Amino acid sequence: MVMKILLVGSGGREHAMAEAITREGEVSLYAFMARKNPGIARVAKGILLGRETDAKKVRDFAVKEGVDYAIVGPEAPLEAGIVDLLEESGIPCAGPTRAAARLETDKAFCRDMMAAHGIAGCPRYRVFHDTGEAVAFIEESDGDLAVKPIGLTGGKGVRVMGEQVDRNGAIAYVRSLSGNVVLEERLIGEEFTLQAFVDGSHLVPAPLVQDHKRAFEGDTGPNTGGMGSYSMPDHRLPFVSEEDYQKALRIMEDAIRALARDGFPYRGILYGQFMNTREGPRVVEFNARFGDPEAMNVLPIMTTSLADVVCSIVEGTLSGAKAGFGKKATVCKYVVPEGYPERPRSGESIAVGDTGMARLYYANVEERDGSLATQTSRTLAFVGIADTLELAEGMAEGAAASVKGRVYHRRDIGTRELLARRSAHMEAIR
Ligand code: AMP
Ligand code: GLY
């Protein structure tokens, strides 16, 4: 029997999800997208364009097409209660309910949950709802703080004192948020991402990935949604020890257990953003979904079908045997409009040249009469997959460099030099 799966979302991450769902087996994909992603549209049996937070419209589409299961790419529809509504209509989802998704959508909920259950890796933090109190806290602090808006901000909302803002900047930022912030200890170290499939009680980890948030080479320039990422054939990272890895995994498992105990069983994809510090991994944040770009590192090397994983998440029968990953290195590079993220040049024609063996994932790009134009966010992603990081990097770099037009990408992602710098940084911290 053909399995029908609904996918919500329209970026590079969702293109990789669509590909992984339809790669093998008898699967029909139905896609609900904010805008038409040409890559998703090509593999989908049916598509509908609309606001991805319009939960009723998504539900009506799913019911009309008679889908069996649903999976959601971005966080905004989760916060809009899309899973709750679909499940009320008898469509099980590989995604958390609105209450469980607060792990991502409500930074105060996340920290309070970690503190209440004594979960390791929680930085010192305080939640504020009052401008005067938050400002006084900053004035009295030693200045090593991260300022986090409590709600969703598209991953660009955190301002770290000493990095993006000084003390006065932090105070002005707190005022602009009417004092609704979490102020927490500034974590120093190397960041890494651990994504996992979760069925309510079992957790199956994907390979570790490192993302690159800064716009320009050498980790300079403004923060972005992520300029690219890499993973290694052994599924680990050179600056994360076995002990660090086991601690991070344990933190994720503890978070799932704590949520279940509090009455919010978690199903779907759990994304842990960690800072590897002198004291080991600490939690920067949890996300209730795959990362973008990190999904493009792990999904293409899955040795099992994502459609089957969706089934086992929903049925609560997930196991390591059901979600496997090949022993390959991956490098993902995003090509973005000139001026991104602050003043992106949208509507610029681009031409993709010889991309060799790299995979191409469409992101925020318009296709008209077979030609492509930039929009305001990340445009195209290229992923190299090979036995070594060097080979994977060469594939992704060659493909990204082949794109002609008013776009740029980071040449340093996945290079030996960058990795050596990460490892040296970690050594210095320890
Ligand atoms: P988020 O929106 O939570 O993903 O945060 C965006 C970025 O801000 C993270 O990837 C980190 O680089 C940085 N960040 C967040 N929290 C902290 C923290 N407590 N200490 C240092 N950097 C942080
Ligand atoms: N790459 C960061 C995120 O997806 O939140």
Side-chain angles (χ1 to χ4, degrees), residues 9 11-14 16-17 72-76 78 101 103-111 114 121-127 141-165 170 173 177 181-195 206 208-215 219-231 269-279 281-299 332-334 336 341 363 377-378 381 410 413 422 425 429:
R13 163 182 52 206
E14 288 79 18
M17 290 167 77
V72 181
E75 61 278 18
L78 296 171
L103 201 56
E104 167 168 10
T105 62
D106 182 340
K107 305 256 190 221
F109 173 85
C110 171
R111 291 312 192 202
M114 291 184 77
C122 186
R124 288 189 302 277
Y125 77 100
R126 260 186 69 184
V127 178
S141 78
D142 62 5
D144 264 345
L145 289 177
V147 184
K148 302 191 159 183
I150 286 178
L152 281 183
T153 55
K156 289 157 211 152
V158 175
R159 306 270 170 95
V160 180
M161 284 172 74
E163 289 180 19
Q164 291 92 26
V165 288
Y173 191 46
L177 297 163
V181 290
V182 176
L183 296 180
E184 65 185 32
E185 170 193 1
R186 175 186 178 192
L187 301 170
I188 300 198
E190 275 296 321
E191 286 187 68
F192 67 89
T193 302
L194 176 53
Q195 302 169 101
L208 294 183
V209 182
Q210 189 174 40
D211 184 18
H212 299 74
K213 297 242 180 227
R214 299 300 192 94
D219 297 321
T220 56
N223 268 338
T224 69
M227 293 295 291
S229 45
Y230 64 90
S231 70
I269 290 93
L270 180 64
Y271 168 117
Q273 180 75 37
F274 291 91
M275 185 77 82
N276 211 13
T277 69
R278 187 201 294 271
E279 293 85 32
R282 314 282 295 276
V283 177
V284 172
E285 66 169 345
F286 288 117
N287 290 328
R289 50 170 175 84
F290 283 118
D292 187 348
E294 293 98 322
M296 293 181 281
N297 297 93
V298 302
L299 291 175
C332 174
K333 299 201 186 206
Y334 254 123
V336 304
S377 193
R378 296 172 291 182
R410 273 184 65 166
I413 292 169
R422 303 277 186 236
H425 182 214
I429 285 168

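For clarity, every value in this text was computed on a predicted model and none was experimentally measured. Residues: numbered from 1 along the sequence shown. Every number for a ligand or one of its atoms is a count from 1 in the order of the listing.
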Practice prompt. Check side-chain contact (heavy atoms from CB on, under 4.5 Å) between L103 and all other residues, then give those that pass, not counting sequence neighbours.
Written response: C110, M113, L259, Y266, L270, F286
Discussion item. At under 4.0 Å between heavy atoms, is it the side chain or the backbone of V160 that contacts ligand 1, or both, or neither?
Written reply: side chain
Would [X] count as a contact residue for ligand 2, given that I'm defining contact as a non-hydrogen atom of the residue lying under 4.0 Å from a ligand atom?
X: G226; value: no
X: K213; value: yes
X: S229; value: no

Worksheet item: Against heavy atoms of R289, which atoms of ligand 2 measure under 4.0 Å?
Response: 3 (C), 4 (O), 5 (O)
Practice prompt. Using a strict 4.0 Å cut-off to heavy atoms of Y271, name the atoms of ligand 2 that fall inside it.
Written response: 1 (N), 2 (C), 3 (C)
Going by the order shown, which atoms of ligand 1 are within less than 4.0 Å of some heavy atom of [X]?
X: R186; value: 20 (N)
X: K213; value: 10 (O)
X: A146; value: 17 (C), 18 (C), 19 (N)
X: E185; value: 18 (C), 19 (N), 20 (N)

Worksheet item: Can you find an N/O atom of V284 closer than 3.5 Å to an N/O atom of ligand 1?
Response: no
Worksheet item: Under 3.5 Å between some N or O of ligand 1 and some N or O of K107?
Response: yes
Counting only heavy atoms, which portion of [X] has something under 4.0 Å from ligand 2: side chain, backbone, both, or neither?
X: Q273; answer: neither
X: N287; answer: side chain
X: E104; answer: neither

Worksheet item: Who's closest to atom 9 (C) of ligand 1 heavy-atom-wise, of R159, R282, E191?
Response: E191
Item to complete: State whether F290 and R13 meet the cation-pi test: NZ (Lys) or CZ (Arg) under 6.0 Å from the six-membered ring centroid, and within 45° of the perpendicular axis.
Response: no
Worksheet entry | Min heavy-atom dist E163 to ligand 1 below 4.0 Å | no
Practice prompt. For E185, check side-chain hydrogen bond (donor to acceptor under 3.5 Å, both in side chains) against everything at least two apart and list the hits.
Written response: R282
Discussion item. Under a 4.0 Å threshold between the charged nitrogen and the carboxylate oxygen, would D106 count as salt-bridged to R111?
Written reply: no
Discussion item. Under 3.5 Å between any N/O of D211 and any N/O of ligand 2: does that happen in this structure?
Written reply: yes
